[in-house]
Amino acid sequence: MGLDLSTKIGKIKLKNPVLVASGTFGHAKEFENFFDLKKLGGIVTKTITLKPRLGNPPQRIVETPSGMLNAIGLQNPGVEKFIQEKLPYLKKIGIPVIVSVMAYNVEEFVEVVKILDRESGIDGFEMNLSCPNVSYGAKAQASSVKMFAHDERMIEEVVGAVRKATSKTLVAKLGPDVSDISKMALAAERAGADVVALINTFMAMAIDIKTRKPVLANKTGGLSGPCIRPIAIRMVWEAYKKVKIPILGIGGIMTGNDAVEFLVAGASAVQVGTANFMNPSASIDILQGIQNFMNKEKIQDLNKIIGSVKN
Ligand SMILES: Cc1cc2nc3c(=O)[nH]c(=O)nc-3n(C[C@H](O)[C@H](O)[C@H](O)COP(=O)(O)O)c2cc1C
């Protein structure tokens, strides 16, 4: 049976719904020996900032039950080096490229996007409004973590400003550490986002009981992997009932069936993160799993699955 796996997020037409998540797939080249990257629905790059960042000192990763904690701290070469050294390779792959961007205030967010908007080969931007491993925002102090994604007004302000700087597809990536994710998604929609991506990692912590010190040098980090999946599913389901724009589902997707669960909950496409560290070909295996499900269930068109949850 010829399956139609195509789906749309904003202006971007995807030939299939499987993208790789920011920060878990390098800048793609590292994965070229494992599978044909052209088979992916799309790529979301590691988050890029205006200036280069070394990230946090080690230890930056902790394994947890059914997941991992990371506090990489947005290590990246900065926007200029990204354009010179990473973008040419990404362009050549021939699939949609979404550049993840982050900044410490609204003006800087606009500046990064304006610089990137001049380049060809970029299909959209994913605004990382929810990285738990850096302190930023107007009133951020070294010891506090204030994310744009924590506050409806801040989401509206920053998404609205960036919206004016680009006509490319704009994705607002939200964080889960809020009491009502649909309110945050609605704020992004009001401000002109074309897509919301749900979810980033949960703020979390591990303590070494002998030294009594936090295991991560950054003290706290972001929790990802299968342990967060049921919460991510709940958040996609909640947001789907409220927003009209498409949703990118993210959180602990390890198999094709996990991805289908997100699609049923209301996601138009999914991103694979932590699974890439366990199996570099995970995204392609997950795509195959979706096709197997559709064949088995005799569903020809992926769009029949999206948002098909029965309430
Ligand atoms: C090591 C690591 C680095 C990450 N770096 C970023 C990043 O730079 N920008 C971003 O938006 N999300 C980043 N994330 C979050 C993922 O993109 C994803 O939202 C999250 O891990 C949940 O999906 P998963 O459970 O499939 O990993 C990172 C996650 C991990 C595990």
Side-chain angles (χ1 to χ4, degrees), residues 18-28 30 42-49 52-56 58-79 82 86 98-103 109 112 124-134 136 147-149 171-177 181 188 195-204 216 218 220-233 235-236 247-256 258-259 261-262 267 269-280 282-283 285-286:
V18 180
L19 295 95
V20 283
S22 180
T24 66
F25 206 71
H27 293 286
E30 300 87 326
I43 289 181
V44 185
T45 69
K46 172 76 191 164
T47 296
I48 303 300
T49 50
R53 280 182 59 94
L54 284 174
N56 293 322
Q59 184 170 338
R60 311 203 287 186
I61 300 272
V62 184
E63 203 172 322
T64 68
S66 291
M68 66 186 274
L69 257 176
N70 92 81
I72 305 296
L74 296 185
Q75 182 178 341
N76 81 92
V79 70
F82 168 78
K86 310 290 181 192
I98 298 175
V99 179
S100 170
V101 290
M102 200 285 273
F109 241 120
V112 181
F125 298 106
E126 184 176 88
M127 295 177 68
N128 178 0
L129 302 174
S130 46
C131 181
N133 298 321
V134 289
Y136 55 93
M147 298 177 196
F148 287 105
V171 182
K173 184 169 180 183
L174 301 176
D177 296 308
I181 194 73
V195 183
V196 279
L198 308 175
I199 53 176
N200 210 320
T201 52
F202 283 81
M203 279 185 68
L216 293 168
N218 190 54
T220 60
L223 183 66
S224 63
C227 54
I228 71 168
R229 191 173 60 242
I231 316 178
I233 292 283
M235 290 188 163
V236 167
I247 299 170
L248 270 165
I250 322 166
I253 298 175
M254 309 303 277
T255 67
D258 296 343
E261 195 181 348
F262 274 93
V270 296
Q271 295 181 16
V272 175
T274 299
N276 296 313
F277 295 110
M278 296 169 68
N279 166 15
S283 48
D285 295 350
I286 287 163

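Order of appearance sets the numbers: ligands from 1, and atoms from 1 within every ligand.
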S.K.: Between Lys173 and ligand 1, find which residue part has any heavy-atom pair under 4.0 Å and reply side chain, backbone, both or neither.
M.R.: side chain
S.K.: Is there a polar contact, in the sense of an N or O pair closer than 3.5 Å, between Lys46 and ligand 1?
M.R.: yes
S.K.: In terms of atom number and element, which parts of ligand 1 are under 4.0 angstrom from non-hydrogen atoms of Ser224?
M.R.: 21 (O), 25 (O), 27 (O), 31 (C)
S.K.: Any nitrogen or oxygen of Ile72, side chain or backbone, less than 3.5 Å from one on ligand 1?
M.R.: no
S.K.: Could you please spell out the steps behind the side-chain contact (heavy atoms from CB on, under 4.5 Å) verdict for Lys46 and Lys86?
M.R.: CA-CA 10 Å; Lys46 172 76 191 164; Lys86 310 290 181 192; over 6 Å; no
S.K.: Have a look at Gly67, Gly23, Ser22 and point out the one with the heavy atom closest to atom 14 (N) of ligand 1.
M.R.: Ser22
S.K.: When you measure from the heavy atoms of Ile199 to every atom of ligand 1, does any distance fall below 4.0 Å?
M.R.: yes
S.K.: For ligand 1, does Asn128 get within less than 4.0 Å through its side chain, its backbone, both, or neither, judged by non-hydrogen atoms?
M.R.: side chain
S.K.: Is it true that a side-chain atom of Asn56 and a backbone atom of Ala71 form a donor plus acceptor pair closer than 3.5 Å?
M.R.: yes
S.K.: With sequence neighbours left out, write down each residue that passes salt bridge (Lys or Arg N to Asp or Glu O under 4.0 Å) with Arg60, or none if nothing qualifies.
M.R.: none
S.K.: Examine the side chains of Thr45 and Ser100 and answer whether a donor and an acceptor come within less than 3.5 Å of each other.
M.R.: no
S.K.: Applying side-chain contact (heavy atoms from CB on, under 4.5 Å) to Glu126 and Ser22, what does each step give before you reach the verdict?
M.R.: CA-CA 9 Å; Glu126 184 176 88; Ser22 180; 4.1 Å; yes
S.K.: Only heavy atoms of Phe277, strictly under 4.0 Å: list the atoms of ligand 1 that pass.
M.R.: 1 (C), 31 (C)
S.K.: Within ligand 1, which atoms have a heavy atom of Gly251 less than 4.0 Å away?
M.R.: 23 (O), 25 (O)
S.K.: May I ask you to decide if Thr49's main-chain N or O and Asn76's side chain share a donor-acceptor pair within less than 3.5 Å?
M.R.: yes
S.K.: Just let me know how Asn70 lines up against ligand 1, side chain, backbone, both or neither, with a heavy-atom cut-off below 4.0 Å.
M.R.: side chain
S.K.: Show the nearest heavy-atom pair for residues Pro230 and Pro226, with the distance to one decimal.
M.R.: CD-O, 3.7 Å
S.K.: Any idea which atoms of ligand 1 are less than 4.0 Å away from a heavy-atom of Leu74?
M.R.: 8 (O)
S.K.: Answer yes or no: does an N/O atom from Gly252 fall short of 3.5 Å to an N/O atom of ligand 1?
M.R.: yes
S.K.: Return the set of residues passing side-chain contact (heavy atoms from CB on, under 4.5 Å) with Ala267 (not counting sequence neighbours), or none when no residue passes.
M.R.: Val236, Phe262
S.K.: Give the atoms of ligand 1, by number and element, whose distance to some non-hydrogen atom of Thr47 is under 4.0 Å.
M.R.: 7 (C), 8 (O), 9 (N), 10 (C), 11 (O)
S.K.: Pairs of nitrogen or oxygen atoms closer than 3.5 Å, one from Ile250 and one from ligand 1: do any exist?
M.R.: no
S.K.: Using atom types as modelled and distance alone, determine if a side-chain donor or acceptor of Asp285 lies under 3.5 Å from a backbone N or O of Ser283.
M.R.: no
S.K.: What distance separates Ile253 CD1 from Thr255 OG1, expressed to the nearest 0.5 Å?
M.R.: 8.5 Å
S.K.: Could you tell me whether Thr274 and ligand 1 have an N or O pair separated by under 3.5 Å?
M.R.: yes
